[in-house]
Student: 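Below you'll find the structure I mean.
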Amino acid sequence: MYQSLTLIHYVSHAFGQRYELPIPLFLFIFGGAAIVFLTFLFILPTKVKKQKKDVATDENQITDKPIKVPFAIASIILLTLLILTGIFGSQEVAENIVPTLMWLVIWIAVPLSCGVIGDWTATINPYANISKIFGSPKLRRAVLGRSEPLTWPTWLGWWPSVLLFFVIACGELIFNQTATVPAVTAWALIVYAIVCAFFALIYGSNWLTRGEIFSVLFATWGKLGYFRFGEAGIRGFAGGLVVPFEASVSRISFVLLLLISVSFDGLLSTPLWSHFEHKLPVAFIPGTKDYEMLAVAVFLLLALAIWLVFFGFAYAVRIAGKFHDSQLKTLAGLLPSLLPISFGYLLAHNIEYLIANGQLLFPLIGNPIGKESWPLHLPNPFNDSFEPNPHLLPSAFFWYLAVAVIVIVHIIAVVIAHRHLSNTSKNKSLARRAEYPWIAAMVFYTMLSLWLLAQPLVKEKSADPESKPAAVIMQQNINKDS
């Protein structure tokens, strides 16, 4: 019943009819960029209160807190039930709760919640609890004959979490026809539990801090949230950003991937990508292995390109401000201004998808395995009589919300960068000079973000009235085939 609604997401995050803009798209794009630039001109001469030193001098977000046994047991039991549901339940994506819970709740909704209230997940994250159990000195002594873990290699840095994030993002965006199959998701959860147990046994808490993807992901978003939940920083929105990011290629890569992955998702919804697909040889038809490998390569190239773009802007900041810090430290110091942009883009790009597909959770809670043999029969909306409404809110609402969110987070980014450069520059003159290259980066990404967000959501009056979004065309093909 709900399969068609779910399938649309894996082609595009747009739903329903596109909104016809009352004015040309370029006016929205340049208007948003102008607001960001005017904000920069307004705050440029303002004085910044010197930040207190040593709120935290080193980044160690996921502290080695004692395990809370009741929460650990409950989280591992729930993970086990989720795995069993994925393996033995219905293999229809829309009828099994596992794909919706994994790809909508855990991968999108939970990170957004951490970005608002802070990282509340530490005690109930089953993989963090598995890592703590297998990382205990007693178990290590019993298995390996030694209590102390091996030293985490310096060259390894945050690369395990970078790799895991990239793999999961590819599963969502490229290999979704396979990755969203309930049994495939369930077996992936099993494999990852084994990975966590193995590396925690060898490396202890360092695995939890730098390798365990969900702990690192939620803690990174939690830097934006209001509450700290025992982590370093000060109370208040973006209070965790006073703790500097580690000036390493791997840590910078992880933070940038939060932004790059959503940008790539947006790219897949553009006419530019559609035209690119039409020009490909027959062997690269969407859904084939060759096409998927090509998409992975494009994802990697986009990640490298955006990495180099921000590296170049940070280099310009370093030269203009005459900083003596290394290039990596300069870029790491500017990373806190990019995290709100990543959050805003994640919210703006997924809000319609969350509202539309989130409705599927009601009947899925009533019958999580998606089989008639399920013994419980709950009333509406927790049964098959519930009809999700993909047009709950008009497309115009999501477009104007997206514009507002993108502009606001870029303004916040400008303020954060202004505060950082004012605190680190030798004098006011150099601080102002250093800000100009970074505002250029902010204006550039504001325009790019608005353009990407517009592709699946809106159309201009001059557009062909018969044209249809790629998601609609693909869905029609699916319906024909079925």
Student: Indicate the atoms forming the closest heavy-atom contact of S131 with A200, along with that distance.
Tutor: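 Looking at all heavy atoms of both residues, the closest pair is O-CB, 3.2 Å.
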Student: Would you please indicate if the ring centroids of F284 and Y291 are separated by under 6.0 Å?
Tutor: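 No.
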Student: Between D119 and W221 (side chain of the first, backbone of the second, donor and acceptor by atom type, cut-off under 3.5 Å), is there such a pair?
Tutor: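 No, because the side chain of D119 does not come within donor-acceptor range (under 3.5 Å) of the backbone of W221.
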Student: Rounded at 0.5 Å granularity, tell me how far CG in L150 sits from CG in L144.
Tutor: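 With rounding to 0.5 Å, CG (L150) is 8.0 Å from CG (L144).
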Student: Can you name the nearest heavy-atom pair linking Y400 to P22, along with the distance?
Tutor: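 Nearest pair, atom of Y400 first, then P22: OH-CG, 3.6 Å.
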Student: Is the shortest heavy-atom distance from the side chain of L453 to the side chain of F28 under 4.5 Å?
Tutor: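 In short, these two side chains do not touch, never coming nearer than 4.5 Å.
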Student: Under the side chain to side chain contact (heavy atoms under 4.5 Å, CB included) rule, what do I67 and I133 come out as? Steps first, then yes or no, please.
Tutor: CA-CA 8 Å; I67 191 170; I133 292 171; 3.7 Å; yes
Student: Backbone N or O of V110 within a donor-acceptor pair of the S113 side chain at under 3.5 Å?
Tutor: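 Yes; at least one donor-acceptor contact below 3.5 Å.
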Student: Are the side chains of F311 and I252 in contact, using a 4.5 Å heavy-atom criterion?
Tutor: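 When only atoms from C-beta onward are counted, F311 and I252 do not touch, as no gap falls below 4.5 Å.
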Student: Can you tell me how far apart CD (E172) and CE (M102) are? Round to the nearest 0.5 Å.
Tutor: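 Between atom CD of E172 and atom CE of M102 there are 9.5 Å.
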Student: Considering residues, nucleotides and ligands other than F362, do more than 12 of their heavy atoms fall under 6.0 Å from its CZ?
Tutor: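 Counting neighbours around CZ of F362, 12 or fewer heavy atoms of other residues, nucleotides or ligands fall under 6.0 Å, so no.
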Student: Under 4.5 Å between any side-chain heavy atoms of L335 and R251, yes or no?
Tutor: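 Heavy-atom side-chain distance check fails, nothing below 4.5 Å.
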Student: Does R140 reach the main-chain N or O of L201 with its side chain, forming a donor-acceptor pair under 3.5 Å?
Tutor: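 Here the side-chain-to-backbone pair exists.
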Student: Main chain of P336, side chain of K223: is a donor-acceptor contact present, judged purely on distance under 3.5 Å?
Tutor: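 No.
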Student: Exactly one of F218, F214, W107, W158 should register a ring-ring contact (aromatic ring centres under 6.0 Å, His included) with F165. Which one does?
Tutor: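 Of F218, F214, W107, W158, ring-ring contact (aromatic ring centres under 6.0 Å, His included) with F165 is met by W107 alone.
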Student: Testing T220, N350, L217 one by one against P111 for a side-chain contact (heavy atoms from CB on, under 4.5 Å), which residue passes?
Tutor: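 Among the candidates, only L217 passes.
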Student: Taking the six-membered ring for Trp, are Y345 and H349 parallel (under 30°), tilted (30 to 60°) or perpendicular (over 60°)?
Tutor: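 Ring orientation, 0 to 90° scale: perpendicular.
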Student: Hey, mind stepping through M442 and L338 against side chain to side chain contact (heavy atoms under 4.5 Å, CB included) and telling me if it holds?
Tutor: CA-CA 9 Å; M442 296 297 98; L338 295 180; 3.7 Å; yes
Student: Taking F175's backbone N and O only, do any of them form a donor-acceptor pair with Q177's side chain (distance below 3.5 Å, no angle check)?
Tutor: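 Pair absent, no side-chain N/O of Q177 close to backbone of F175.
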Student: Can you tell if the side chain of V195 reaches within under 4.5 Å of the side chain of W207, non-hydrogen atoms only?
Tutor: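 In short, these two side chains touch, coming nearer than 4.5 Å.
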Student: Can you list the steps and then say if F166 with V296 is a side chain to side chain contact (heavy atoms under 4.5 Å, CB included)?
Tutor: CA-CA 10 Å; F166 183 81; V296 171; 4.2 Å; yes
Student: Using every non-hydrogen atom in the two residues, find where L173 and S261 come nearest and quote the distance to one decimal.
Tutor: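 Result for this residue pair: CD1-O, 3.6 Å.
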Student: Given side chain to side chain contact (heavy atoms under 4.5 Å, CB included), test I306 with Y445 step by step and report yes or no.
Tutor: CA-CA 10 Å; I306 294 180; Y445 221 88; 3.7 Å; yes
Student: Go through T288 and D290 one step at a time and tell me if the side-chain hydrogen bond (donor to acceptor under 3.5 Å, both in side chains) criterion holds.
Tutor: CA-CA 5 Å; T288 63; D290 289 339; 5.5 Å; no
Student: Counting C-beta onward and ignoring hydrogens, is there a side-chain heavy-atom pair between W159 and V249 closer than 4.5 Å?
Tutor: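 The answer is yes; the side chains approach within 4.5 Å.
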Student: Do Y127 and S75 touch side chain to side chain, with heavy atoms closer than 4.5 Å?
Tutor: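 Contact flag for Y127/S75 side chains = no.
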Student: Taking the side chain from N96 and the backbone from T85, do they hold a donor-acceptor pair closer than 3.5 Å?
Tutor: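 Side chain of N96 to backbone of T85: a pair is present.
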Student: Quick check for you: to the nearest 0.5 Å, what is the distance between I202 atom CD1 and R146 atom CZ?
Tutor: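 The CZ atom of R146 is 10.0 Å from CD1 of I202, to the nearest 0.5 Å.
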Student: What's the separation between atom CD1 in I194 and atom CG in L189, rounded to the nearest 0.5 Å?
Tutor: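 The CD1 atom of I194 sits 11.5 Å away from the CG atom of L189.
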Student: Taking the side chain as every heavy atom from C-beta outward, state whether R210 and Y203 have any atom pair closer than 4.5 Å.
Tutor: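 Side chain of R210 against side chain of Y203, heavy atoms only: no contact under 4.5 Å found.
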Student: Only one of F254, F199, W152 passes side-chain contact (heavy atoms from CB on, under 4.5 Å) with P160; say which it is.
Tutor: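 When F254, F199, W152 are each tested with P160, the side-chain contact (heavy atoms from CB on, under 4.5 Å) holds only for W152.
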Student: Whether the side chain of Q91 engages the backbone of A183 through a donor-acceptor N/O pair (distance < 3.5 Å, no angle test) should be reported.
Tutor: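 Yes: the side chain of Q91 pairs with the backbone of A183.
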Student: For the backbone of P286 and the side chain of E292, can you confirm whether one donor and one acceptor N or O come within less than 3.5 Å of each other?
Tutor: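 Judged by distance alone, no pair lies under 3.5 Å.
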Student: Are any side-chain N or O atoms of K371 and backbone N or O atoms of F88, one a donor and one an acceptor, separated by less than 3.5 Å?
Tutor: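 Yes; at least one donor-acceptor contact below 3.5 Å.
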Student: Quick check: are there more than 12 heavy atoms from other residues, nucleotides or ligands sitting under 6.0 Å from CH2 of W187?
Tutor: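 Check fails, neighbour count at 12 or below.
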Student: Specify the closest pair of heavy atoms between A122 and A128, including all atoms of both residues, with the distance to one decimal.
Tutor: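 That closest heavy-atom pairing would be O-CB, 4.1 Å.
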Student: Which atoms form the tightest heavy-atom contact between N125 and S215, and what is the distance?
Tutor: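 In terms of heavy atoms, the two residues are closest at ND2-OG, 3.4 Å.
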Student: To the nearest 0.5 Å, what is the distance between NE2 (H275) and CG (L280)?
Tutor: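 One finds 13.0 Å between NE2 of H275 and CG of L280.
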Student: For atom CZ of F71, is the number of surrounding heavy atoms from other residues, nucleotides or ligands below 6.0 Å larger than 12?
Tutor: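 At most 12 heavy atoms, drawn from other residues, nucleotides or ligands, come within 6.0 Å of this atom.
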Student: Of all the heavy-atom pairs spanning N389 and H391, show the shortest one and how long it is.
Tutor: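 Heavy atoms of N389 and H391 come nearest at OD1-N, 3.0 Å.
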Student: Could you check whether any side-chain heavy atom of L376 comes within less than 4.5 Å of a side-chain heavy atom of N367, counting everything from C-beta outward?
Tutor: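 SC-SC contact between L376 and N367 ruled out.
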Student: Measuring from T185:OG1 to I190:CD1, what's the distance to the nearest 0.5 Å?
Tutor: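 Atom-to-atom, T185:OG1 and I190:CD1 are 11.5 Å apart.
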